[in-house]
Student: 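Take a look at this one; I'll ask things after.
Throughout, residue positions are numbered sequentially from 1 according to the sequence presented. Side chains included, hydrogens not; waters and symmetry mates left out as well; all remaining heavy atoms used.
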Amino acid sequence: MTLINEEYKQQLQELHKNPKMFEAGAKKLGKLDKFLNQYSPTSLIDFGCGKGNLIRAIAETYPGISVTGYDPGVAEFENLPTSTFDTLISTDALEHVEPEMIDETLKVINQLFSKSAYLVIAS
C-alpha cells in the first residue's frame with residue numbers, strides 16, 4: 001500500500017521544517033468541539049496532522065480521548081497506524097493527496113475509523 005511517492009514525501013518534509021508553515025492546527029479545535037461532543041469518541045486519529053498541534057490541543061481539552069496523528073511529511077507522525085479508531089479527523093490535508101493515490105488513500109481512511117469522521121478538504 002502506497003499513499004505517497006517518495007519524492008513528494010521529501011518535499012513535504014522540507015516544507016514542514018519551516019516553523020511558519022502548517023501551524024494553524026490548534027486553531028481548528030473550536031470548529032471540532034460540537035462534533036467531538038456529539039460523537040464522544042474515546043480514540044481519534046488526525047489524518048494529515050501536520051506538526052501535531054491539533055491533536056495536542058484535543059488531548060489537553062478532552063483528556064478522555066486517546067489521540068494519534070499521521071502525517072508523512074513529519075517524521076514524528078510518518079508511520080501509519082494499523083489500529084482502528086472511533087473517530088478520524090482530517091482538516092486541510094486531503095487536498096494534498098496526489099491524484100494517483102486518492103483511491104488507496106480513501107480506502108485506508110475508511111479502514112482507520114469505526115464510528116465517525118470529520119473531513120475538511122480545502123480548495
Side-chain angles (χ1 to χ4, degrees):
M1 155 190 52
T2 302
L3 300 183
I4 187 170
N5 78 50
E6 196 58 39
E7 181 180 339
Y8 187 47
K9 180 178 177 179
Q10 290 173 0
Q11 289 174 7
L12 289 175
Q13 288 172 341
E14 283 302 311
L15 282 173
H16 279 285
K17 288 179 183 176
N18 182 336
K20 296 180 182 181
M21 298 287 291
F22 307 106
E23 286 294 318
K27 294 177 184 175
K28 296 175 183 174
L29 181 58
K31 294 179 181 182
L32 283 168
D33 279 329
K34 183 177 178 182
F35 174 81
L36 294 173
N37 286 315
Q38 179 179 353
Y39 292 99
S40 301
T42 59
S43 61
L44 176 147
I45 182 168
D46 183 354
F47 191 91
C49 68
K51 297 174 183 169
N53 294 334
L54 180 56
I55 60 173
R56 283 188 279 283
I58 292 171
E60 184 176 306
T61 307
Y62 297 91
I65 302 176
S66 172
V67 296
T68 300
Y70 167 71
D71 196 304
V74 179
E76 179 183 358
F77 302 111
E78 71 182 339
N79 296 317
L80 184 67
T82 56
S83 54
T84 301
F85 302 84
D86 288 345
T87 295
L88 178 138
I89 60 172
S90 184
T91 58
D92 299 327
L94 294 176
E95 68 273 13
H96 300 288
V97 175
E98 300 159 277
E100 63 274 13
M101 306 294 183
I102 290 173
D103 288 345
E104 189 64 29
T105 299
L106 291 175
K107 287 176 189 173
V108 167
I109 284 173
N110 190 51
Q111 294 170 353
L112 283 172
F113 74 96
S114 62
K115 294 181 180 178
S116 58
Y118 182 95
L119 308 174
V120 175
I121 303 170
S123 57

Student: Test Tyr70 against every option in Phe113, Phe77, Phe47 by the ring-ring contact (aromatic ring centres under 6.0 Å, His included) rule and name the one that passes.
Tutor: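 So the option named by the test is Phe47.
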Student: What residues, two or more places apart in sequence or in another chain, satisfy side chain to side chain donor-acceptor pair (under 3.5 Å) together with Glu98?
Tutor: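 Partners of Glu98 under the side chain to side chain donor-acceptor pair (under 3.5 Å) test: Asn5.
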Student: Apply side-chain contact (heavy atoms from CB on, under 4.5 Å) to Ser83 and list each qualifying residue two or more places apart in sequence or on a separate chain.
Tutor: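 side-chain contact (heavy atoms from CB on, under 4.5 Å) check on Ser83 returns Pro81, Phe85.
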Student: At what distance, to the nearest 0.5 angstrom, does CG of Asn110 lie from CG of Leu88?
Tutor: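 Spacing of CG (Asn110) from CG (Leu88) equals 9.5 Å.
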Student: To the nearest 0.5 Å, how far apart are CG in Asp71 and CG in Asn79?
Tutor: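 Going from CG on Asp71 over to CG on Asn79, the span is 12.0 Å.
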Student: Is it the case that over 12 heavy atoms from other parts of the model lie below 6.0 angstrom from the OH atom of Tyr39?
Tutor: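 12 or below, so no.
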Student: Do you know which two heavy atoms are closest between Gly48 and Ala93, and how far apart they sit?
Tutor: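 The pair with the smallest heavy-atom distance is CA-CB, 3.7 Å.
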Student: Nearest 0.5 Å, what's the NZ-CD1 distance between Lys107 and Ile109?
Tutor: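 One finds 13.0 Å between NZ of Lys107 and CD1 of Ile109.
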Student: So, for Ile55 and Gly69, which heavy atoms are closest and what is the spacing to 0.1 Å?
Tutor: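 It is CD1-N, 3.8 Å.
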Student: Roughly how far, to the nearest 0.5 Å, is SG of Cys49 from CZ of Arg56?
Tutor: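 So the CZ of Arg56 and the SG of Cys49 are separated by 8.0 Å.
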Student: Listed by chain and number, what are the side chain to side chain donor-acceptor pair (under 3.5 Å) partners of Thr42, not counting sequence neighbours?
Tutor: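 Here the qualifying residues are Asp86.
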Student: Hey, is CD on Glu7 packed in by over 12 heavy atoms from elsewhere, all under 6.0 Å?
Tutor: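 12 or below, so no.
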Student: Roughly how far, to the nearest 0.5 Å, is CG of Asp92 from CG of Leu119?
Tutor: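 Spacing of CG (Leu119) from CG (Asp92) equals 11.5 Å.
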Student: Report the residues that fulfil salt bridge (charged side-chain N to carboxylate O under 4.0 Å, His left out) with Glu76, sequence neighbours left out, ordered by chain and then residue number.
Tutor: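 None.
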Student: Quick check: closest heavy atoms across Leu3 and Leu80, and the distance to 0.1 Å?
Tutor: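 It is CD1-CD2, 3.9 Å.
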Student: Grab the two heavy atoms, one from Thr84 and one from Gln111, that are nearest each other, plus how far apart they are.
Tutor: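 Looking at all heavy atoms of both residues, the shortest contact is OG1-O, 3.4 Å.
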Student: List the residues meeting side chain to side chain donor-acceptor pair (under 3.5 Å) with Ser116, not counting sequence neighbours, and say none if there are none.
Tutor: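 With neighbours one apart ignored, the set is Thr87.
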Student: Under the side-chain contact (heavy atoms from CB on, under 4.5 Å) test, which residues partner Ile58, sequence neighbours left out?
Tutor: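 If we apply the side-chain contact (heavy atoms from CB on, under 4.5 Å) test to Ile58, skipping adjacent residues, the hits are Leu29, Leu32, Leu36, Leu44, Leu54, Tyr62, Ile65, Val67, Ile89.
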